[in-house]
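Just below is one structure, and these are the notes that go with it.
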2 protein chains.
Amino acid sequence: MPSASKREQIVTTALQLFYQNGITATGIDLIISEAAVSKKTLYNHFHSKDELVLAVLRKRDEYFRNNLMRETEKQADTPKAKLIALFDVMDAWFHEKTFCGCMFINASGELFDSKSPSRSVCAEHKHLICDYVSELAKEAGAKEPKKLAKQLNILIEGAIVFAHVAGDKEAAQDAKEMGKVFINMALE
Amino acid sequence: MPSASKREQIVTTALQLFYQNGITATGIDLIISEAAVSKKTLYNHFHSKDELVLAVLRKRDEYFRNNLMRETEKQADTPKAKLIALFDVMDAWFHEKTFCGCMFINASGELFDSKSPSRSVCAEHKHLICDYVSELAKEAGAKEPKKLAKQLNILIEGAIVFAHVAGDKEAAQDAKEMGKVFINMALE
DNA sequence: ATTATTATAGACAAATCGGTATACCTTTAG
DNA sequence: CTAAAGGTATACCGATTTGTCTATAATAAT
């Protein structure tokens with residue numbers, strides 16, 4: 001059985017390189033070099049680069065959402081406060097030195113076959129985050145939890161784009177102020 | 001003097017290919033083949049692929065904003081109605097068969113040197129759209145036109161991402177409903 | 001201890017990348 | 001008519017792409 005730790009090394013390294021330099025622009029040779037792994041080992045774990053990309057995106061989804069949930073719940077107690085805290089978690093992310101936008105937005109901008117497994121992971125990622133926000137909205141007693149969740153997610157995506165493309169890292173605070181409006185509307 | 005029409009052919013063809021398949025993934029050989037132009041002609045007009053990318057992004061910015069302004073003002077008379085019409089123009093765009101998201105968001109996800117000229121064009125594009133919305137907001141008599149413009153733009157960017165990445169093309173209508181809230185707040 | 005497996009390093013393949021150069025044709029201006 | 005310039009077509013360059021393969025060393029299970 002191939003070693004799970006080698007697989008981890010490859011995925012972790014590829015994740016970083018894909019995120020910082022793009023998927024197409026990152027070659028296999030660079031990945032194995034940075035991961036200190038032979039080419040055969042990589043192809044022993046993944047049949048192709050596409051398969052590696054898929055594994056990396058799944059890993060990123062897992063990491064990102066777990067981190068989002070953990071940080072959000074660390075910062076606030078009540079469900080309503082958690083909904084607001086979402087934007088502060090975004091704010092902190094935008095200000096990280098390694099911030100390169102949302103990996104799934106970036107990947108969707110590179111992978112143009114919208115029916116490919118990798119693109120499906122991107123779409124699913126967005127839906128799963130929406131689901132999480134929807135749960136919080138439900139706990140907070142929102143009238144239409146799914147509607148509020150979608151509204152807050154539109155704000156979050158908008159802030160991510162503003163921060164990455166326009167370079168306006170304060171967008172999270174603007175989105176937060178906007179989010180409060182809809183939270184209050186849904187809870188009154 | 002190199003022919004302007006050849007240059008146009010190249011830029012137009014490259015724009016289409018870059019938008020549909022990505023910048024990195026589109027090779028020079030494909031561009032010249034599709035544009036029915038020799039390689040030397042291309043390099044006679046553009047010193048490098050980077051220069052071509054830059055020209056394409058400028059062209060796209062010009063086309064997109066002019067189209068946005070034209071369509072918006074075609075659909076509505078009053079400044080307030082124009083602000084709302086922005087979302088309907090987005091809606092129509094999302095439902096186009098060739099819709100592949102926002103070219104500048106996609107490009108920013110591929111070009112990771114945030115100080116490169118191409119990335120600057122991406123950032124500038126977003127600012128220029130913001131400026132236009134800001135003008136409309138001013139005409140409509142908004143209390144803080146720039147603030148309202150930014151809010152509406154966050155909604156627009158969020159809707160674009162939702163439509164492209166999550167595949168939810170109805171996002172423009174959700175964003176529209178949200179936008180009305182802030183328009184009314186700014187005009188009351 | 002033997003055997004099977006997993007790893008390594010790296011040569012190799014065939015294709016493609018961005019970019020240059022050569023040779024010839026075609027258009028346009030004086 | 002001549003000559004310069006812009007065009008085409010294509011060969012070529014070195015580097016890089018994904019992916020395969022061979023030979024060998026390290027590791028793990030029986």
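In the text below, chain A, chain B and the rest are named by the order of the sequence lines, each starting its count at 1.
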Length of the CG-C1' vector between B/Leu42 and C/dA21, whole Å: 16 Å
Taking every non-hydrogen atom, the tightest pair across A/Cys130 and A/Ala149: O-CB, 3.7 Å
B/Ala107 to B/Leu57 - nearest heavy-atom pair and separation: CB-CD2, 4.2 Å
Interatomic distance, B/Lys49 NZ vs C/dT20 P [rounded to whole Å]: 15 Å
Spacing between B/Arg7 atom CZ and D/dG7 atom P, to the nearest angstrom: 12 Å
Whole angstrom value for the distance that separates C1' of C/dT20 from NE2 of B/His47: 14 Å
Sugar-phosphate only, base, or nothing, as touched by A/Ser33 at under 4.0 Å among non-hydrogen atoms: nothing
Touch class at under 4.0 angstrom, heavy-atom based, for A/His45 against every strand present: sugar-phosphate
Sugar-phosphate only, base, or nothing, as touched by B/Asn44 at under 4.0 Å among non-hydrogen atoms: sugar-phosphate
Residues which pass salt bridge (Lys or Arg N to Asp or Glu O under 4.0 Å) with B/Lys126, listed by chain and number, not counting sequence neighbours: B/Glu157
Between D/dG19 (P) and A/Ile32 (CD1): distance, integer Å: 13 Å
Partners meeting salt bridge (Lys or Arg N to Asp or Glu O under 4.0 Å) with B/Asp131 (sequence neighbours left out): none
Minimum-distance pair of heavy atoms, taken over all atoms of B/Ala142 and B/Leu148: CB-CD2, 3.9 Å
Atom-to-atom span, CD of B/Glu8 to P of D/dG6 - whole angstrom: 18 Å
Euclidean distance, atom OH of residue B/Tyr43 to atom C1' of D/dA5 [Å, nearest integer]: 22 Å
Options C/dA7, C/dG18, D/dT18, nucleotide nearest the side-chain atoms of A/Ile28: D/dT18
Sugar-phosphate only, base, or nothing, as touched by B/Ala36 at under 4.0 Å among non-hydrogen atoms: sugar-phosphate
If you restrict it to nitrogen or oxygen atoms, what contacts under 3.5 Å exist between nucleotides 10-14 of chain C and the protein, and what is each distance?
none

Nucleotide D/dA15, atom C1' - distance to CG of A/Leu30 in whole Å: 15 Å
Phosphate OP1/OP2 of C/dT8 contacted by A/Thr41 side-chain N/O (<4.0 Å): yes
Non-hydrogen atoms of B/Thr26 and B/Leu30 that approach each other most closely: CG2-CD2, 4.5 Å
A/Arg60 to A/Phe104 six-membered ring, cation-pi geometry met (6.0 Å, 45°): no
Sugar-phosphate only, base, or nothing, as touched by A/Thr26 at under 4.0 Å among non-hydrogen atoms: sugar-phosphate
